[in-house]
Amino acid sequence: DTPVSPYLFVSLSPRVSSTGHLDPASVGKIIKRRFAAYARTLVNAGAIDSADADTLVPHVSGHSLRVGVDQDLIAAGVDIG
């Protein structure tokens with residue numbers, strides 16, 4: 001297995017268009033790939049079953065990540081308004 005980077009958006013230059021930002025479809029693919037790599041580390045550590053990882057990965061999205069981050073920020077007392 002490849003070591004998991006702590007950075008979500010690594011090696012982006014091939015995916016950044018001439019407009020200087022990522023295509024929205026690329027963001028979802030990157031998030032799924034990074035989450036799949038993280039899920040593999042959890043499986044390898046015995047924290048979750050492989051079947052659970054296979055079930056979770058397809059349901060991860062950019063939207064779910066943003067909502068989760070917002071919830072964490074609100075719980076930490078950050079005004080996100």
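Everything numeric here is computed off the predicted structure, so don't read it as measured data. For the single chain, residues carry numbers from 1 onward in sequence order.
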Inset, instruction - Run through Ile74, Leu73, Val67 and flag the one making a side chain to side chain contact (heavy atoms under 4.5 Å, CB included) with Gln71. - result: Val67
Inset, instruction - State the CG-CG distance between Leu56 and Leu42, to the nearest 0.5 angstrom. - result: 9.5 Å
Legend entry - Interatomic distance, Ile48 atom CD1 to Tyr38 atom OH [nearest 0.5 angstrom]: 8.5 Å
Inset, instruction - Considering non-hydrogen atoms only, spot the tightest contact between Ala36 and Val57 and give its length. - result: CA-CG2, 3.9 Å
Inset, instruction - Return each pair, listed once, that meets side-chain hydrogen bond (donor to acceptor under 3.5 Å, both in side chains) where at least one residue sits in residues 48-59; pairs must be two or more places apart or across chains. - result: none
Legend entry - Which residues share a side chain to side chain donor-acceptor pair (under 3.5 Å) with Ser64, sequence neighbours left out: Ser61
